[in-house]
J.: 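Okay, handing you the structure first.
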There are 2 protein chains.
Amino acid sequence: MLVYYLRTMARIKIEKNTSRKEVIVSKAASLFREKGFKAASMRDLAEAVGVEAASLYNHIKSKTELLHELCFGVANRFMHHMDEVESKKNNSIAKVEELVRFHINEMINHYEEVYVSDREWKHLSDPYLSNFQNQRRMYRKRFAAIIEAGIRNKEIKAIDAPTAVLIILHAIGGIESWHRSTQKIDADALTSNMITILVGGLKND
Amino acid sequence: MLVYYLRTMARIKIEKNTSRKEVIVSKAASLFREKGFKAASMRDLAEAVGVEAASLYNHIKSKTELLHELCFGVANRFMHHMDEVESKKNNSIAKVEELVRFHINEMINHYEEVYVSDREWKHLSDPYLSNFQNQRRMYRKRFAAIIEAGIRNKEIKAIDAPTAVLIILHAIGGIESWHRSTQKIDADALTSNMITILVGGLKND
DNA sequence: ATAATATACTAACACATGTTAGCAATGATT
DNA sequence: AATCATTGCTAACATGTGTTAGTATATTAT
């Protein structure tokens, strides 16, 4: 018996308003998160996307480019939000809370990208690496400046601002269970817990 | 002109009471910290040790064994300390402070190992992987239990204990500048800052 | 229908990786 | 001095890696 298999060529499935490259970048995010950038191979990624490894190169330039996209995508969102927060005329505690809430939201809605950007940026190579590190430093400096302003008008306890920033950022960025809290209730509960502990701990009362 | 170079064979230098394997494990720690487990090659490690790659295998079984040693070395220290803390008859806040202080001390004195154990355990393979994950879970459970006891006798704010634990652990484990604070003053200042913010934030007052 | 563009495939490359085999040099023990 | 165990070296392996070349197929525009 002779059987003819008529195979059609694979194709990257896209939804309205998403390029194929975006699909690849997105799958790369979850792969890099799961295995780490170095341990995740282009063949792994190809399989996740449903295509042969070489086909990926019709859409991207290199594996490292994927890391660029992820890291700077996240960094830009954080930077823009910082611009916003600084431009508003809130008191310091309110600003800090806004920064924390934004960060938590990013963790919930873009978990993989934020996680990767936070843990795998070391594997960037050098024009990008220093650029990224600079952005990181800047963000922290601006965050610390807000806390310091709050300390000056007695809104916030007289603590070391840079240390407080590191604590806050790592506390939020470290939670591994964001993606598990699919139910909105869990996420909300987690959020308010974090706000209580982190922001509440700063207040001068 | 004929010149004879009389080369002596390289040798791993050891100090009193340290095996050559310990030297390798220790160098592996700083290499894995710097580049990540996957990105650090055995040839890199060999160079750091001052020997050819193949020679390493006279002392170790595999690259993964190095990760085992590091991860379980750290895990055991933390577990034993938890035993100690639990056995003492302190109040909850004192216990929490002891755990935090120990963790900070580990970060200062064994930075590379603790860092690697915290970030690279994913690359363990399976009898070890689940074992390690279990120990992690257990440690956090016991930490949370201490906080919960504190909440019950009104020592500690009515917060979500597991969340508090994650915040504390990630806040401490995330600081990248432990190794830079070589001067004891910096380390002490950083420590007291962390205690103020983290432990102070829990207190019910 | 035809031409042009986008996207996929197969095959292969050059290179880095962890690891082993076999042998040479060194150090310790007798 | 002779013996034996340690520890190092060179060479090589098998495998996995990112990536490219060249070509076939599908989609879009003419």
J.: Under 4.0 Å between any heavy atoms, over every strand shown, what does A:Ser41 touch: base, sugar-phosphate, or nothing? Just pick one.
T.: sugar-phosphate
J.: Could you tell me whether B:Phe78 and B:His103 have their ring centroids closer than 6.0 angstrom?
T.: yes
J.: Over how many whole Å does the gap from A:Leu31 atom CG to D:dT17 atom P extend?
T.: 11 Å
J.: Of the nucleotides D:dG18, C:dT7, D:dC9, which has the atom closest to the A:Arg11 side chain?
T.: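 So the side chain of A:Arg11 is nearest to C:dT7.
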J.: With side chain to side chain donor-acceptor pair (under 3.5 Å) as the rule and sequence neighbours excluded, what pairs involving residues 74-85 of chain A come up?
T.: A:Arg77-A:Glu106, A:Asp83-A:Arg142
J.: Where each residue is assigned the nucleotide of DNA chain C containing its nearest heavy atom, which of A:Arg43 and A:Asn58 is assigned the position nearer the 5′ end?
T.: A:Asn58
J.: Among the candidates C:dT26, D:dT19, D:dC9, find the nucleotide nearest to the side-chain atoms of A:Ala53.
T.: D:dT19
J.: Rounded to the Å, how far apart are A:Met42 CE and C:dA16 P?
T.: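 The distance from CE of A:Met42 to P of C:dA16 comes to 18 Å, rounded to the nearest Å.
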J.: Within this structure, what is the OH-to-C1' distance between A:Tyr57 and C:dA6, rounded to whole angstrom?
T.: 19 Å
J.: If only side-chain N and O atoms of A:Arg20 are considered, is one of them under 4.0 Å from the OP1 or OP2 phosphate oxygen of C:dA6?
T.: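 No, outside the criterion.
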J.: Compute both the distance and the angle, then confirm whether A:Lys38 meets the cation-pi test with B:Phe37: under 6.0 Å from the six-membered ring centre, within 45 degrees of the axis.
T.: no
J.: For B:Ser130 and B:Asn134, does a side-chain donor sit closer than 3.5 Å to a side-chain acceptor?
T.: no
J.: What contact category does A:Ala40 fall into here, base, sugar-phosphate, or nothing, at under 4.0 angstrom with non-hydrogen atoms?
T.: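 Answer is sugar-phosphate: A:Ala40 comes under 4.0 Å of backbone atoms only.
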J.: In whole angstrom, give the distance that lies between atom NZ of A:Lys63 and atom P of D:dG16.
T.: 15 Å
J.: Starting from P on D:dT19, measure out to NZ on A:Lys61 and report it in whole angstrom.
T.: 10 Å
J.: Any side-chain N or O of A:His59 less than 4.0 Å from the OP1 or OP2 oxygen of C:dA8?
T.: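 Affirmative; the distance criterion is met.
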J.: Could you tell me how the ring of A:Tyr111 sits relative to the ring of A:Tyr115: parallel (under 30°), tilted (30 to 60°) or perpendicular (over 60°)?
T.: tilted
J.: Provide, to the nearest angstrom, the distance between the CG atom belonging to A:Asp44 and the C1' atom belonging to D:dG18.
T.: 13 Å
J.: Select one nucleotide: of C:dC9, D:dT19, D:dT27, the one nearest the side-chain heavy atoms of A:Val51.
T.: C:dC9
J.: Of the nucleotides C:dT19, C:dA25, D:dT19, which one has an atom closest to the side chain of B:Ser62?
T.: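 In terms of side-chain proximity for B:Ser62, the closest of C:dT19, C:dA25, D:dT19 is C:dT19.
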J.: When the distance from NZ of B:Lys38 to C1' of C:dT17 is rounded to whole Å, what number comes out?
T.: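 After rounding, the gap between these two atoms is 9 Å.
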J.: Round to the nearest Å and state the distance from A:Ile60 atom CD1 to C:dT7 atom P.
T.: 14 Å
